[in-house]
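Remember, it's a predicted structure, so these values are computed and weren't measured experimentally.
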Amino acid sequence: MRVSKSFIPTLKEIPQEAEIPSHQLMLRAGLMRKVASGIYEYLPLAHRSLIKIMNIIRQEMEMVGAQEVLLPILTPAELWLKTGRWQKYGKELMRVQDRHSRDFALGPTHEEVITDLVQSELKSYKQLPLNLFQIATKFRDEVRPRFGVMRSREFIMKDGYSFDVDEIEAEKTYWKMVEAYKRIFKRCGLFCSPVEADSGLIGGNFSHEFMVMAETGEAAVAFCKSCDYSANLETAKSIPTVSLINEIRPACKVPTPNYKSVSEVSNFLKVSANQIIKTLIYVTEGDPIAVIIRGDHEVNETKLQNYLKVFELKLASHEEVEKITHMPMGFVGPVGLKDIRIIGDLVLKEGHGYIAGGAEPDVHWTYLEIGRDFPTPEWADIRNVVTGEACVGCSQPLNVGRGIEVGQTFKLGKRYSTPMHCVFLSKSGVEEEVTMGCYGIGVSRTLAAAIEQHYDEFGICWPIAIAPYQIHLLLLSPNDAEAVRLAEMIYDQCVEKKIEVLYDDRLEASVGFKFKDADLIGLPISVRIGSKSVKEGIVEIKIRRNPQVMKVPIAQFFENLIDLLQEEWKRCEP
RNA sequence: CGGGGCGUAGCGCAGCGGUAGCGCACCUGGUUUGGGACCAGGGGGCCGUGAGUUCAAAUCUCACCGCCCCGACCA
């Protein structure tokens, strides 16, 4: 492609709307433009990259025997009513009506649609296993779209669904898919690993998220450098450091005038926060509940929600707290708490001599013993793992970092086949429900994540496998006939050799302009041709991610180029 | 939905009661071409929308809309 004929609107300045590097660079390098909040247009460069990601996915899916289909975006409400998700999915499900006032949803995911399809055709165990996938646009009416295509309302997703005769076969399929996913992300040039995950709204009992570790990631991940344990903070476990700090003494009240928060109380009493019990009140769709947790720990609401099996969970407001506990805000504690279910974080179990709210203004209890001074709560793991705690796999210290979730795999079991009556006749002639799995990849998010992982101060540094073009050919002296002749020759030969080349043949752009654009667009290899190099009989080649410029005699140019391309490809091998 | 910020030329911004500006980009002509060139000329705006206050509103008031950030939320 000649730049003079291309649609690549690069920007010199950082658009004010963009916060994170990938978002800024996607706008600046002319990859995309915004139409509305969370809705983007993909321009030619981005489209070429997306196609490459999709093709890698297609190849790997084919390798594990999955077949591609294309499902509708507009889906009738009745399908969603069958599984209860018409209600449960909430406002994120984009609902529309047709001219007859019939309800539809723009598909955010397609379990219902695919299960309905398979249900209508599945008769015998002989048709199983079955593995179907599609690559299509999805809609989610996100509360807050963010970070460009990282969290957009309309996005491209690969979603796959597997159907097996039983749990054992389904699990085999699941692990096959996990392996395929690892290959896909590696082939896209991403450093990405599966982490244990919460299975959320989609249901099921087993899940992994594929995380690209990045500062700007929205998910918190606990991981171990010594063994391969890693998990989303929503499910992560650790061996906590237990605080057997204090001697056992009779409980006594101490004045804490106007000291309410954990940090205020610990400063005032000169104790560390891990001796304090924090009491939090949550409201749910049922009764309110109380949570007690060590002062230096945080409640993980996903864990709590899963333990309680509730849909709604919200920290109570100050007014609600006082009404529910009959204690003043800031001095709520487990002693004297009545008529409320109390969940205690497991870490508290072994400790002694705790400090907690005194149930009346300006007072805290000290030397509290669980079970002696207040009833033993229901124990559950409801807290966030903290950096430095011991790994459950190998006892080495855990790290907590941030990640971008580019894919997720779920074992669904019969979550969808039961309500949608997706059954088959088994070998023994008995009707059985099919066992399902589901597997997603955010294709547009993968593109953004790849940039988030491969950029520098000048622009993008594409992995070759998903780069819009492989070579950026820069004609630096468009008025030098010899340079033009050489550049045109190299361009023609690249086209002939099927080397994807973007040729900056612009007459009007200055040298600096071309260099800046090339750095910004970030194709893996640039080839520079100007009067200077032509006179010396050489061509300059630069690998985007390296600072040095190589000088290659014209006669050996293609030989060298092909070697360099191969080296780049090696970086994307699974 | 709660909190904060911003809407003025394609992009980045200034102006904050009295003729709508700057830099970059764009168009024409010329000179240039190894890290976002130079000279000369030129085009482009309902100052987000609507009400109000005022002799006079981009500027003050109110409402609405849009966008961004933090939080809540999130296959």
Side-chain angles (χ1 to χ4, degrees), chain A residues 9-20 23-24 27-28 30 33-39 83 85 88-93 107-112 114 138-148 150-153 155 157-161 197-204 207-209 218-219 232 234 301-302 305 311-315 317 405-410 412 415-416 437-442 445 458-459 474-480 483-484 504 506-520 526 528-536 540 542 549:
Chain A
T10 57
L11 300 172
K12 188 170 167 180
E13 314 218 33
I14 300 169
Q16 162 247 330
E17 68 187 56
E19 190 80 1
I20 64 168
H23 187 191
Q24 294 177 347
L27 292 169
R28 287 192 57 210
R33 287 293 182 264
K34 185 177 68 181
V35 184
S37 178
I39 303 191
T83 58
R85 287 210 292 184
K88 276 184 211 162
Y89 215 107
K91 285 189 178 165
E92 236 187 300
L93 186 65
T109 173
H110 280 72
E111 287 80 6
E112 281 81 357
I114 198 92
K138 295 275 186 276
F139 293 86
R140 283 183 201 177
D141 198 1
E142 291 284 349
V143 201
R144 182 146 89 86
R146 238 189 296 213
F147 303 146
M150 212 55 104
R151 177 166 299 279
S152 52
R153 291 194 290 175
F155 57 100
M157 173 164 140
K158 171 265 167 181
D159 49 325
Y161 308 89
D198 177 53
S199 52
L201 242 194
I202 248 188
S207 177
H208 287 86
E209 284 166 339
E218 293 186 80
N232 190 309
E234 293 174 352
E301 295 189 359
T302 305
Q305 201 166 1
F311 284 112
E312 277 169 46
L313 184 75
K314 233 175 77 182
L315 212 48
S317 68
E405 180 203 337
V406 288
Q408 188 164 12
T409 51
F410 299 85
L412 290 178
R415 165 73 180 83
Y416 296 91
C438 114
Y439 317 90
I441 294 177
R445 187 185 280 183
F458 305 110
L474 306 180
L475 172 58
L476 302 178
S477 316
N479 295 326
D480 180 324
V484 173
D504 198 340
R506 288 175 293 183
L507 296 174
E508 70 288 356
S510 68
V511 173
F513 207 99
K514 290 181 177 180
F515 280 141
K516 292 287 184 193
D517 260 3
D519 288 341
L520 183 58
S526 64
R528 294 114 184 259
I529 294 168
S531 332
K532 237 168 73 181
S533 54
V534 169
K535 277 197 200 90
E536 292 174 47
E540 289 165 22
K542 183 173 174 300
V549 177

Please tabulate the protein-to-nucleotide N/O contacts below 3.5 Å involving nucleotides 37-45 of chain B, giving atom names and distances.
unit_1: rA37(B); atom_1: OP2; unit_2: S510(A); atom_2: OG; d: 3.0

For a quick check under 3.5 Å, do E112(A) and T83(A) share a side-chain donor-acceptor pair by atom type? yes
Check: T302(A)/D198(A) side-chain N/O donor and acceptor closer than 3.5 Å: no
Which heavy-atom pair separates [X] from [Y] by the least distance, and what is that distance?
| X | Y | result |
| --- | --- | --- |
| K514(A) | A509(A) | CE-O, 3.8 Å |
| Q408(A) | S207(A) | NE2-OG, 2.9 Å |
| H110(A) | Y161(A) | N-OH, 2.9 Å |
| L520(A) | L11(A) | CD2-O, 3.8 Å |
| A483(A) | G530(A) | CB-C, 4.2 Å |

Return the nucleotide paired to [N]: Watson-Crick means purine N1 to pyrimidine N3 with N6-O4 or O6-N4, wobble means G-U with N1-O2 and O6-N3, both under 3.5 Å.
| N | result |
| --- | --- |
| rC62(B) | rG50(B) |
| rA37(B) | rU31(B) |
| rC67(B) | rG5(B) |
| rG45(B) | none |
| rC22(B) | rG12(B) |
| rA56(B) | none |

Which whole number of Å gives the distance between the [atom1] atom of [N] and that of [M]?
| N | M | atom1 | answer |
| --- | --- | --- | --- |
| rC64(B) | rG21(B) | P | 33 Å |
| rG43(B) | rG4(B) | P | 44 Å |
| rA14(B) | rC6(B) | C1' | 15 Å |
| rC16(B) | rC1(B) | C1' | 32 Å |
| rG41(B) | rG5(B) | C1' | 41 Å |
| rC11(B) | rA51(B) | C1' | 32 Å |
| rC13(B) | rG30(B) | P | 36 Å |
| rA37(B) | rA25(B) | C1' | 15 Å |

Excluding sequence neighbours, so at least two apart, what forms salt bridge (charged side-chain N to carboxylate O under 4.0 Å, His left out) with R28(A)? none
Salt bridge (charged side-chain N to carboxylate O under 4.0 Å, His left out) with K34(A): which residues, sequence neighbours excluded? E17(A)
For [X], answer base if it contacts any base atom (sugar-phosphate contacts may also be present), sugar-phosphate if it contacts only those atoms, and nothing otherwise; contact means non-hydrogen atoms under 4.0 Å.
| X | answer |
| --- | --- |
| P9(A) | nothing |
| F155(A) | base |
| R28(A) | base |
| A509(A) | base |
| E301(A) | sugar-phosphate |
| I14(A) | sugar-phosphate |
| L507(A) | base |
| D519(A) | base |

Using the side-chain heavy atoms of [X], tell me which of these nucleotides is nearest: [options].
| X | options | value |
| --- | --- | --- |
| E92(A) | rC69(B), rC74(B), rC68(B) | rC74(B) |
| V143(A) | rC1(B), rC67(B), rG35(B) | rC1(B) |
| K12(A) | rG34(B), rC24(B), rG12(B) | rC24(B) |
| E19(A) | rC73(B), rC69(B), rG34(B) | rC69(B) |

Donor-acceptor pair under 3.5 Å: do we get one between E13(A)'s side chain and the base of rG10(B)? no
May I ask you to verify whether the side chain of R151(A) and the base of rC74(B) hold a donor-acceptor pair under 3.5 Å? yes
Looking at [X], does any N or O in its side chain come under 4.0 Å of the phosphate oxygens OP1/OP2 on [N]?
| X | N | value |
| --- | --- | --- |
| S531(A) | rU33(B) | no |
| K34(A) | rC68(B) | yes |
| R146(A) | rC70(B) | yes |

First encountered from the 5' end of RNA chain B, between N479(A) and E142(A): N479(A)
RNA chain B: G38(A) or P478(A), which has the more 5' nearest nucleotide? P478(A)
Given atom [atom1] of [X] and atom [atom2] of [N], what is their separation to the nearest angstrom?
| X | N | atom1 | atom2 | answer |
| --- | --- | --- | --- | --- |
| D517(A) | rU33(B) | CG | P | 20 Å |
| Q16(A) | rG10(B) | CD | C1' | 15 Å |
| R144(A) | rG4(B) | CZ | P | 15 Å |
| E209(A) | rC74(B) | CD | P | 13 Å |
| R506(A) | rC26(B) | CZ | C1' | 15 Å |
| K91(A) | rC1(B) | NZ | P | 7 Å |
| K516(A) | rC24(B) | NZ | P | 17 Å |
| L475(A) | rG35(B) | CG | C1' | 16 Å |

Check this for me: does any side-chain nitrogen of one of E111(A) and R85(A) sit under 4.0 Å from a carboxylate oxygen of the other? yes
Within this structure, what is the CD-CD1 distance for the pair E540(A) and I529(A), rounded to the nearest 0.5 Å? 9.5 Å
